Each structure stands twice: as structure tokens, then as C-alpha cells.
Amino acid sequence: FKIEIPQEIKDDSGRSLENRKSFPLEIKTEKFPPLAKFSAMFGIIEKNAEPVLPVTLRNLEKDVKTKIVQTESKNPGFFDNLIGKKTRISNEEILHWLKKVSRADRDKSIFSDTKSPEPFSFPKPNGAEAFEVVGIPLKESGFYVVEIESAILGKSLIPEQTPMYVPTSALVTNMSVHLKWGREGSVVWVTSLDKGLPVADAKISIRDCNNKIIGESKTDFFGIARLPDSTWKSQVSHCSYGSYDSGILVTAETADDFSFVHSSWDRGIESWRYNLSSYSNNSKSIVPHT
């Protein structure tokens with residue numbers, strides 16, 4: 001760039017610039033720093049709205065390396081249109097992966113201690129330097145764990161200049177699971193995302209922080225499963241103060257869809273907002289993030 005100053009410019013005392021001969025002044029600006037950013041560590045994507053997982057990219061490799069795992073599904077050929085393969089994980093491992101993503105280190109792959117799926121690359125449509133949002137297609141119901149790997153990002157942000165890893169997780173579903181955790185009994189209510197109607201005959205499972213099933217039920221015609229306190233609440237364990245290391249995970253499953261909610265998802269409806277004790281778990285309502 002060139003900085004130019006008009007000849008008639010003077011200060012408030014009428015003096016001209018002493019360094020006027022330095023202008024026009026040539027300067028250089030650096031490129032924008034590299035960027036790979038998901039909107040959150042976890043999100044819910046509505047299945048019936050052409051689901052894609054958005055990621056913001058800038059000044060990265062022309063073809064971004066990506067790894068992905070997904071819970072078991074009925075459509076094994078979904079990724080035929082992408083380069084690479086994926087590793088299937090069972091629905092019983094969802095809590096494990098939620099914890100793993102929430103505690104991920106940017107200089108280590110979350111797949112380093114497991115059977116890693118072969119990486120596939122998805123291109124940046126507008127070139128390596130473009131600042132753009134790219135959508136990763138996830139057309140099939142299920143829980144996904146996605147990780148981006150970039151040597152350019154690591155060179156910019158990690159002192160050792162090792163590749164940097166950016167993970168996230170996403171649930172593609174048409175079901176919303178609501179949990180009412182009460183003192184004398186609890187209720188799980190399952191509705192559809194596209195129409196808001198009750199989902200009947202959904203299998204409900206409740207897991208503690210150790211991933212142990214402590215209760216099961218099924219939704220009725222109104223999409224409601226009632227859970228007496230005596231059947232499961234006394235068994236809820238506390239593992240630690242880490243993410244997903246307390247509370248419960250409630251899953252709902254039908255013949256062609258799957259969804260879940262965790263009791264820690266209370267942002268916006270925390271008990272203190274209603275002048276209730278923040279240290280009491282006697283009653284709380286849980287709704288999913290979308």
C-alpha cells in the first residue's frame with residue numbers, strides 16, 4: 001500500500017510536516033491469520049432441512065484434511081461420494097465421545113488412541129486463501145464426530161509447529177428430547193423438530209456418568225415417558241466436575257431416528273434465573289441446544 005499526504009496539510013500551529021519527503025510511504029500488511037472454526041463443540045442439526053455441518057475456513061490448505069466417525073446407521077453407503085472411509089461407533093459410546101471432544105487438545109488428534117478412520121479431504125471452493133463457510137454434508141440420522149487437521153494452522157498457533165486439530169460433534173435428527181428432572185418423578189418428552197408433534201413408541205434409555213444404564217422406558221401416544229424417582233434417581237453417580245462427568249444422558253430411539261439430551265444442558269433455564277437454589281437438583285428442566 002502507499003500512504004499519501006496532501007501538500008497543504010499543516011498542524012494547528014501552521015507548521016508543515018518535517019518528514020514530508022518520506023511520502024508517499026510504502027507499507028506492507030500481512031495476510032489474515034489461518035482459521036478453522038466450528039460454531040461449537042456440539043450442535044443439533046435438523047435432519048429434514050438438508051443438513052450440513054458448517055465450518056469457517058481461511059488461509060488453509062486448498063484441500064482440508066478431515067476425519068469423521070459416526071454412530072451406527074442403516075445406510076452404510078452414505079460416504080461413497082467422499083474420499084476416504086469412516087469408522088462406526090455404537091450408540092453406547094456417545095457419552096465417551098462427548099467427553100473426548102470437550103477435553104480435546106489442539107495439538108493432538110482425538111482419534112490418536114483409537115482406530116482412526118482414514119482421512120478424506122474436502123476442497124475449499126474459492127481457493128486456499130478465501131474466507132468462507134463450507135458445509136460438510138450429513139444427510140443421515142446419527143451422532144457424528146468430526147476433526148479437521150491443518151499443518152498451516154499448527155505452524156501459526158502452536159510453538160512446536162505440529163499440525164493443529166479442530167474437533168466437533170453433531171447430532172443429525174428430527175427429534176427433540178426434553179427432560180423434566182423432578183423430586184418425586186421425572187418425565188421425558190419427545191417431539192419432532194419439523195412439526196413439533198409428539199413422537200410415540202420411542203425407546204428411552206438413561207445413563208449415568210459411567211455410561212451405565214440406570215433406567216429404561218418408552219414414550220406413549222403423547223410422546224411422554226414417565227420415570228418414577230425410585231427406579232433410577234437414587235443410582236445417579238457423580239464422577240468428577242469435568243464436562244459430562246455428572247448428571248444423566250437420556251437417549252430416545254425409533255426405527256429410523258435417534259436423539260439425546262444431557263442434564264447439563266440448562267443454558268438459559270438455570271435455576272438461579274428463577275430465584276431457586278443453584279445447588280439443588282430437586283427439580284430442573286432440560287432442553288436441547290439447536
Side-chain angles (χ1 to χ4, degrees), residues 38-55 66-82 84-102 110-111 117 120 122 134-147 167-179 188-207 211 213 216-225 244 248-262 265 286-290:
F38 292 104
S39 58
M41 288 292 188
F42 171 77
I44 295 177
I45 304 174
E46 189 172 338
K47 177 183 177 181
N48 294 343
E50 298 184 3
V52 294
L53 176 63
V55 56
T66 308
K67 296 177 181 178
I68 186 167
V69 293
Q70 183 212 354
T71 52
E72 294 182 24
S73 66
K74 302 179 182 299
N75 185 4
F78 165 63
F79 281 96
D80 289 348
N81 61 327
L82 296 177
K85 299 179 180 179
K86 64 184 177 71
T87 299
R88 294 186 181 281
I89 60 174
S90 66
N91 293 343
E92 288 72 24
E93 295 181 283
I94 285 176
L95 189 60
H96 166 74
W97 283 101
L98 285 173
K99 292 179 181 181
K100 202 166 187 178
V101 172
S102 68
I110 58 174
F111 301 123
F120 67 86
F122 65 96
V134 178
I136 302 174
L138 304 174
K139 298 179 181 179
E140 184 184 343
S141 294
F143 176 62
Y144 295 82
V145 178
V146 182
E147 178 184 78
T168 191
S169 57
L171 172 65
V172 177
T173 184
N174 190 40
M175 296 195 303
S176 180
V177 184
H178 314 264
L179 168 64
V188 175
W189 187 33
V190 183
T191 59
S192 62
L193 286 174
D194 58 349
K195 298 180 180 179
L197 297 177
V199 177
D201 297 324
K203 179 183 177 182
I204 305 299
S205 298
I206 302 168
R207 296 176 182 271
N211 210 27
I213 294 180
E216 292 182 316
S217 186
K218 203 169 189 179
T219 59
D220 59 17
F221 175 80
F222 301 101
I224 294 175
Y244 299 107
I248 56 174
L249 177 75
V250 180
T251 62
E253 188 172 5
T254 62
D256 60 353
D257 206 352
F258 176 83
S259 188
F260 59 86
V261 66
H262 194 270
W265 297 352
I286 311 297
V287 295
H289 294 296
T290 54

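Treat the numbers as computed from the prediction; the structure is a model and nothing was measured. Just so you know, these numbers use all the heavy atoms, side chains as well, and skip hydrogens, waters and symmetry mates.
Remark: side-chain polar atoms of Trp97 are not paired, donor with acceptor, to backbone N or O of Tyr144 under 3.5 angstrom. Looking only at distances, a side-chain donor or acceptor of Thr219 sits under 3.5 Å from a matching main-chain atom of Ala202. Remark: side-chain polar atoms of Thr168 are paired, donor with acceptor, to backbone N or O of Ala40 under 3.5 angstrom. Distance alone, capped at 3.5 Å, is enough to place a donor-acceptor pair between the Ser259 side chain and the Met175 backbone.
With values rounded to the nearest 0.5 angstrom, Asp257 atom CG is found 8.5 Å from Asn48 atom CG. Note that OG of Ser169 is 10.0 Å distant from CD1 of Ile94, once rounded to the nearest 0.5 Å. Note that CD1 of Ile213 and OG1 of Thr251 are 7.5 Å apart. Values are rounded to the nearest 0.5 Å. One distance of note links CZ of Phe221 with CG of Asp201; it measures 10.5 Å at 0.5 Å rounding.
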- Task: Step by step, work out the side chain to side chain contact (heavy atoms under 4.5 Å, CB included) result for Thr254 and Asp256.
- Result: CA-CA 6 Å; Thr254 62; Asp256 60 353; 3.4 Å; yes
- Message: For Ile68 and Leu138: C-alpha separation, side-chain torsions, deciding distance, then whether side chain to side chain contact (heavy atoms under 4.5 Å, CB included) applies.
- Response: CA-CA 11 Å; Ile68 186 167; Leu138 304 174; 3.9 Å; yes
- Item | Worked verdict on Asp194 versus Glu46 for side chain to side chain contact (heavy atoms under 4.5 Å, CB included) | CA-CA 8 Å; Asp194 58 349; Glu46 189 172 338; 3.6 Å; yes
- Message: If you apply the rule side chain to side chain contact (heavy atoms under 4.5 Å, CB included), what do you find for His262 with Leu95, and how did you get there?
- Response: CA-CA 9 Å; His262 194 270; Leu95 189 60; 4.2 Å; yes
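Shown here for Pro137 and Gly135, the closest heavy-atom pair between the two residues is CD-O, 3.6 Å. Annotation for Ser217 and Ala225: closest pair OG-CB, 3.7 Å, computed over non-hydrogen atoms. Heavy atoms only, all atoms of each residue included: Leu98 and Phe143 are closest at CD2-CZ, 3.9 Å. Among all heavy-atom pairs drawn from Phe38 and Pro167, the shortest one is CD1-O, 4.0 Å.
Other residues, nucleotides and ligands contribute at most 12 non-hydrogen atoms within 6.0 Å of the NZ atom of Lys203. Other residues, nucleotides and ligands place more than 12 heavy atoms under 6.0 Å from the CD atom of Glu216.
Taking the side chain as every heavy atom from C-beta outward, Leu249 and Tyr244 never approach each other to under 4.5 Å. Residues His178 and Thr191 form a side-chain contact, since some pair of their non-hydrogen atoms from C-beta on lies under 4.5 Å apart. The shortest distance between side-chain heavy atoms of Lys47 and Thr173 does not fall below 4.5 Å. Put simply, the side chain of Val177 does not reach to within 4.5 Å of the side chain of Ile204, judged on heavy atoms.
With no hydrogens or angles considered, no side-chain donor-acceptor pair links Ser192 and Asn174 at under 3.5 Å.
Phe260 and Phe42 have their aromatic ring centers within a separation under 6.0 angstrom.
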